2 protein chains.
Amino acid sequence: MSDLLERLRGRGWRLTAQRRVVAEVLDGDHVHYTADEVHARATERLPEISRATVYNTLGELVSLGEVLEVSTDGRAKRYDPNAHHDHHHLICSQCGTIRDVHIASDPMAALPEPERFGFAVSEVSVTYRGVCPNCASA
Amino acid sequence: MSDLLERLRGRGWRLTAQRRVVAEVLDGDHVHYTADEVHARATERLPEISRATVYNTLGELVSLGEVLEVSTDGRAKRYDPNAHHDHHHLICSQCGTIRDVHIASDPMAALPEPERFGFAVSEVSVTYRGVCPNCASA
DNA sequence: TCTTGACTTGGACTTTGTCCAATGTAGGAT
DNA sequence: ATCCTACATTGGACAAAGTCCAAGTCAAGA
Ligand SMILES: [Mn+2]
Ligand SMILES: [Mn+2]
Ligand SMILES: [Zn+2]
Ligand SMILES: [Zn+2]
């Protein structure tokens with residue numbers, strides 16, 4: 001994600017300290033933070049960053065396709081910087097941990113034409129749930 | 001769902017007017033209402049039913065496995081009385097309409113052992129998104 | 001260095017949902 | 001048929017997650 005800021009500048013973004021910090025927090029793929037978690041971690045680096053700015057920046061990153069929104073349960077959305085490699089999610093039903101997973105067949109191909117009801121289907125996500133090893137042993 | 005009330009009585013439920021009305025609203029499969037939509041429809045039949053009771057009853061029905069919770073976007077959860085036939089969902093990304101769909105292959109089989117990371121995987125849901133015919137023509 | 005439109009901020013507000021003490025009632029007991 | 005009481009309902013306070021806005025700040029081009 002080091003070149004993310006470059007791409008964003010290319011799109012006319014002003015490079016503010018706040019945006020830089022949000023990008024840094026999301027850097028190092030494989031995280032799935034809530035907005036509040038992003039805010040907490042951003043605050044460690046830039047104490048006065050506001051919640052509103054974190055929400056604004058996350059929303060912009062999602063619009064640009066640089067970050068994915070993951071709605072797991074009915075709780076807070078999670079933000080996923082791993083937007084450039086197709087993947088799905090495996091979620092622990094007890095502790096909420098999320099892992100990226102890669103699956104063996106294309107789920108888009110599994111939806112027969114008559115089951116599409118005239119929709120222009122453009123996206124599919126597969127969510128697996130179960131108990132993680134950590135929760136199982138406890 | 002006519003025998004739902006029988007099953008519930010068998011489980012020791014008191015058959016109150018409120019519970020009856022919530023069950024009636026969810027009757028006739030293929031609906032995916034939010035709690036507030038259930039409340040609005042329940043109010044037409046029983047004007048003084050409270051929001052708290054609708055939430056309580058929906059929660060109980062979910063615990064009993066009679067109704068499924070569907071978390072689509074980050075908005076209100078939807079309640080799905082079609083709990084006894086496996087199915088997945090196709091959602092219009094513009095208007096939010098939900099359709100039940102049946103898929104051709106088993107998505108559980110698509111997750112290879114090494115991608116399970118020691119989880120005891122018990123559940124999988126597939127969500128398709130696209131533009132419905134109605135929204136496409138508008 | 002100056003200027004200005006874009007960005008940030010704190011707080012009010014909204015939506016969705018939970019919790020609780022007070023009140024009501026379904027259904028078994030008499 | 002009536003009584004009893006444990007369970008259910010209610011309204012309103014509260015909480016979590018997110019949006020919106022007017023006022024102040026600042027990145028970056030001139
Ligand atoms: Mn992910
Ligand atoms: Mn359904
Ligand atoms: Zn776990
Ligand atoms: Zn639509």
Side-chain angles (χ1 to χ4, degrees), chain A residues 5-25 32-43 45-64 67-80 96 98, chain B residues 4-25 32-43 45-64 66-80 96 98:
Chain A
L5 292 174
E6 289 310 314
R7 263 177 284 158
L8 295 177
R9 186 153 53 187
R11 303 221 203 193
W13 265 35
R14 284 202 191 164
L15 288 197
T16 66
Q18 291 84 350
R19 285 171 171 177
R20 232 182 284 265
V21 165
V22 169
E24 280 173 23
V25 167
H32 300 90
Y33 293 144
T34 63
D36 270 351
E37 287 169 350
V38 171
H39 181 241
R41 285 171 170 77
T43 298
R45 297 159 178 262
L46 186 66
E48 291 318 314
I49 188 172
S50 71
R51 278 187 354 115
T53 293
V54 170
Y55 275 105
N56 287 343
T57 304
L58 289 173
E60 290 158 355
L61 290 170
V62 169
S63 297
L64 294 175
V67 166
L68 301 175
E69 258 178 12
V70 182
S71 297
T72 57
D73 48 354
R75 310 295 309 283
K77 288 182 209 164
R78 296 184 168 271
Y79 292 88
D80 185 344
I98 303 184
Chain B
L4 168 59
L5 293 175
E6 290 310 316
R7 262 177 285 157
L8 295 178
R9 186 153 53 186
R11 302 222 203 191
W13 264 35
R14 284 200 191 164
L15 287 197
T16 66
Q18 290 85 348
R19 287 171 169 177
R20 233 180 282 265
V21 165
V22 169
E24 280 174 24
V25 167
H32 300 90
Y33 293 142
T34 64
D36 270 351
E37 287 168 350
V38 172
H39 182 240
R41 285 171 170 77
T43 298
R45 296 160 180 260
L46 185 67
E48 291 318 313
I49 188 172
S50 71
R51 274 187 355 113
T53 292
V54 170
Y55 275 105
N56 287 343
T57 304
L58 289 173
E60 290 157 356
L61 290 170
V62 169
S63 297
L64 295 175
E66 298 288 350
V67 165
L68 301 175
E69 259 179 13
V70 182
S71 297
T72 57
D73 48 353
R75 310 294 310 283
K77 288 182 210 162
R78 295 184 168 270
Y79 291 88
D80 184 344
I98 303 184

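Since this is a predicted model, take the numbers as computed values, not measurements. In what follows, every chain begins at residue 1, and chains take the letters A, B, ... in the order their sequences are listed.
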**Report entry** Nearest-nucleotide pick for Leu15(A), side chain only, options being dC7(C), dA28(D), dA8(D)
**Finding:** dA28(D)

**Report entry** Rounded distance in Å - NZ (Lys77(B)) to C1' (dT18(C))
**Finding:** 11 Å

Report task. Check the distance between dG11(C)'s P and Glu48(A)'s CD and give it to me in whole angstrom. Result -> 11 Å

Report task. Answer yes or no: side-chain N or O of Arg19(B) and base N or O of dA8(D) forming a donor-acceptor pair under 3.5 Å. Result -> no

Report task. Under 4.0 Å between any heavy atoms, over every strand shown, what does Ala52(B) touch: base, sugar-phosphate, or nothing? Just pick one. Result -> base

Query raised in the report: For the base of dA8(D), is there a side-chain donor-acceptor partner from Arg14(B) under 3.5 Å away?
Result: no

Query raised in the report: So how far is it from Lys77(B) NZ to Thr34(B) OG1, rounded to the nearest 0.5 Å?
Result: 12.0 Å

Query raised in the report: Below 4.0 angstrom from OP1 or OP2 of dA17(D), is there any side-chain N or O of Thr34(A)?
Result: no

Report task. Classify the nucleic acid contact of Arg51(A) as base, sugar-phosphate or nothing, counting any heavy atom under 4.0 Å across all strands shown. Result -> base

**Report entry** Touch class at under 4.0 angstrom, heavy-atom based, for Thr53(A) against every strand present
**Finding:** base

Report task. Look at the side-chain N and O atoms of Tyr55(A) and state whether any lies under 4.0 Å from the OP1 or OP2 oxygen of dT19(D). Result -> no

Query raised in the report: Hey, does the Lys NZ or Arg CZ of Arg41(A) hover above the aromatic six-ring of Tyr33(A), less than 6.0 Å from the centre and inside 45° of the axis?
Result: yes

